[in-house]
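Reviewing the structure listed below.
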Amino acid sequence: MPGEKLLNADAVIRAELVRAARALGVTENVEPVIERPRDPAHGDWATNLAMTLARPLKKKPADIAKELIAAMNLADAGVAEATIAGPGFINFRIASGSLASSLTKILDERESFGRSNAGKGEPVNVEFVSANPTGPLHVGHGRQAALGDAISRLLTHAGWTVTREFYYNDGGGQINNLALSVQAHLRAIAGEPLAIPEGGYHGEYIGEIAARYRTEHAADTRGGNLDDVRTFAVKALRAEQDLDLQAFGVQFDVYFLESSLYTDGKVDETVAALGKAGHTFEQDGALWLRTTDYGDDKDRVMRKSDGTFTYFLPDVAYHVTKWQRGFHRAIDVQGADHHSTVTRVRAGLQALEIGIPVGYPEYVLHQMVTVMKGGEEMKISKRAGSYVTVRDLIDEVGRDAVRYFFLMRKGDSQLVFDVDLARSQSEENPVYYIQMAHARLSGIFRVGEIDAGTITADGVRWECLGEPEERELIKLLLDWPKLVQGAADALEPHRVANYLLETARLVHTWYHKHHVLGEPDDIMHARLVLAKSARIVIANALAVLGISAPERM
RNA sequence: GCGCCAGUAGCUCAGUUGGAUAGAGCGGGAGCCUUCUAAGCUCCAGGUCGGGGGUUCGAUUCCCUCCUGGCGCGCCA
């Protein structure tokens with residue numbers, strides 16, 4: 001099938017180049033880099049092979065290029081023209097008709113276009129958000145939710161079987177502070193002065209929980225039963241966080257409770273196993289793990305002198321369960337403020353000596369988010385008190401825009417979320433720009449009263465798609481499978497966001513310059529095929545980011 | 001002091017794993033609606049890619065060093 005072959009035009013060209021290099025007498029490994037030139041005037045594909053061979057062959061790059069071209073079977077590689085340019089690049093141009101015929105693949109595969117089986121259906125666990133149930137989700141959790149969900153979608157696209165997991169730290173001292181804070185509010189309602197304890201929580205929601213506790217526990221209006229207060233508060237806040245996630249459109253497959261590690265004996269098992277493996281020691285009344293054996297800069301306490309555990313030990317026990325549950329690949333999405341746990345958790349897993357690989361789990365760390373509004377940093381939320389919540393943002397700018405803004409930057413960059421820009425979006429927001437491209441393409445079919453399902457590649461005169469804007473758009477659409485694969489490999493959804501922006505731009509340019517409806521039949525048919533293809537790719541890419549693809553706006 | 005991340009246009013950030021004349025959005029300036037959505041398009045201005053060395057045909061990209069900012073360096077999570 002010609003479409004198949006041309007979609008892999010780079011691979012075909014590469015093979016021809018290798019063959020040609022052999023013909024020139026090159027004996028060592030030949031690995032030509034084939035890439036799309038930045039400037040379309042430089043052709044559709046380009047290679048640097050002549051330059052890399054300059055040294056071993058002791059010839060000028062330009063001469064080598066000439067010989068390579070002569071030795072290649074260009075027609076077999078689908079190349080219409082090969083030219084030498086710059087310091088020794090070889091530029092290949094593919095005939096418009098051949099290029100366009102590759103769109104057949106997009107029409108055939110539709111929502112599957114871009115999917116692959118690279119992951120072979122193997123299980124991967126993606127853990128993200130994992131907020132303590134001590135308050136509403138803040139902007140950092142929002143970035144993490146957007147990232148984790150998009151990474152999960154990317155991996156699904158790449159053929160992995162993904163489990164989204166949320167880990168609740170419901171066992172530590174923070175939860176106790178929460179209970180005490182609610183208790184303080186209960187006593188305030190009963191007439192005492194409000195006294196939030198040291199390290200307690202101050203948001204308005206604490207008072208709301210206290211009020212609800214009071215109505216449901218009429219016999220304990222002062223919160224004397226701290227266990228009841230704790231259970232009630234955690235339950236209430238988990239429900240609250242679920243609503244936040246629901247508003248954001250993020251769903252989890254597994255909610256894993258830290259407390260279950262204690263009740264199931266996993267914590268004790270892990271301590272015993274680490275001791276048995278010989279990597280622990282006692283000092284100052286505490287039990288330590290010799291993490292310095294595994295690259296940490298100091299040893300870490302597992303069990304405090306008061307007999308309770310640090311967060312680190314359950315963390316290790318938790319990741320053991322991931323391994324034991326069959327996840328031989330696990331990805332943790334976390335804020336960079338937790339990066340010190342990376343070495344520690346991995347060290348703990350190594351110290352168990354149960355065959356867990358050194359790089360397990362993989363970490364995707366993201367930098368901090370600051371929210372700007374009216375030219376000033378926005379810190380105060382009505383709900384949470386000292387920080388801005390995910391819900392605040394969604395209420396301000398909408399779910400799609402929040403997702404896009406969190407995903408448009410790579411995680412390594414600190415992110416400034418400009419609420420004004422995101423909201424003045426009816427004008428200039430990139431997410432609307434992209435969605436508009438999809439809506440416009442949909443509009444062609446709607447206005448023309450054409451059922452897109454009836455548009456096929458049968459009988460298309462591909463050479464009709466020869467306008468420069470069309471060639472550029474087609475090439476970009478055909479790049480989607482590689483782009484999504486690269487983004488999945490690197491766990492970098494922002495590549496998809498950038499790709500979408502670029503694709504939308506080419507769509508708008510093409511749409512503005514060339515008409516579809518009312519053109520001669522063969523041109524209209526060809527352009528309908530292109531419009532349908534572009535709509536499919538944009539919808540697929542938006543789906544990877546969890547953003548809607550509206551048919552009209 | 002040590003570790004991680006960053007430093008690219010006035011602002012916010014990309015840069016396809018080392019390629020050709022470094023890009024986008026916003027902001028600034030000038031134009032474009034009798035035709036499928038002007039929520040759009042076209043053009044202009046704007047750069048010591050933090051500084052300095054090195055590696056090579058070629059560096060924003062890799063190495064070294066210094067400067068600046070963020071985060072972390074707990075028997076908190």
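As the structure is a prediction and not an experimental result, all values here were calculated from the model. To find a chain, count down the sequence lines: A is the first, B the second, and so on, and within it residues start at 1. Values below: all heavy atoms of this structure, side chains included; hydrogens, waters and symmetry mates excluded.
Counting only N and O atoms by type, the side chains of A/D332 and A/H338 include no donor and acceptor under 3.5 Å apart. Between the side chains of A/Q485 and A/D489, at least one donor-acceptor pair of N or O atoms lies under 3.5 Å.
Listed nucleotides B/C5, B/A39, B/A77 differ in distance to A/N132; the shortest reach to its side chain belongs to B/A77. Residue A/Y511 places its side chain closer to B/A38 than to any other of B/A38, B/U12, B/G25.
Within the nucleic acid shown, A/L501 comes within 4.0 Å of sugar-phosphate atoms alone, with no base atom in reach, counting heavy atoms only. Contacts of A/R303 with the nucleic acid, taken as non-hydrogen atoms under 4.0 Å apart, are absent. Using a 4.0 Å heavy-atom cutoff across all strands shown, A/A531 reaches no nucleic acid atom at all. At a threshold of 4.0 angstrom between heavy atoms, the contacts of A/D284 include nucleobase atoms, whether or not backbone atoms are also involved.
Stacking of the aromatic ring of A/H512 onto the base of B/G40 is not found under the criterion of centres within 5.5 Å and planes under 30°. In this structure, the aromatic ring of A/H508 is not positioned over the six-membered ring of the base of B/C41 within 5.5 Å between centres and 30° between planes.
Atom C1' of B/C73 sits at a distance of 38 Å from the matching atom of B/C26, rounded to the whole Å. Atom name C1', nucleotides B/U35 and B/A30: the rounded distance is 26 Å, in whole Å. Annotation: B/U61 and B/U55 have their C1' atoms spaced 13 Å apart (nearest Å). A gap of 16 Å separates the P atoms of B/A9 and B/G25, to the nearest Å.
In this entry B/C26 has B/G10 as its Watson-Crick or G-U wobble partner, both defining distances falling under 3.5 Å. Remark: B/G72 base-pairs with B/C2; criterion is Watson-Crick or G-U wobble with both hydrogen-bond distances under 3.5 Å.
Side-chain N/O atoms of A/H339 and base N/O atoms of B/G3 include a donor-acceptor pair closer than 3.5 Å. Side chain A/N91 to base B/A20: a donor-acceptor pair is found below 3.5 Å. Remark: the A/D337 side chain and the B/G72 base include no donor-acceptor N/O pair separated by less than 3.5 Å. Between the base of B/C41 and the side chain of A/T509 there is no donor-acceptor pair shorter than 3.5 Å.
Residue A/S413 places at least one side-chain N or O under 4.0 Å from the OP1 or OP2 atom of B/A14.
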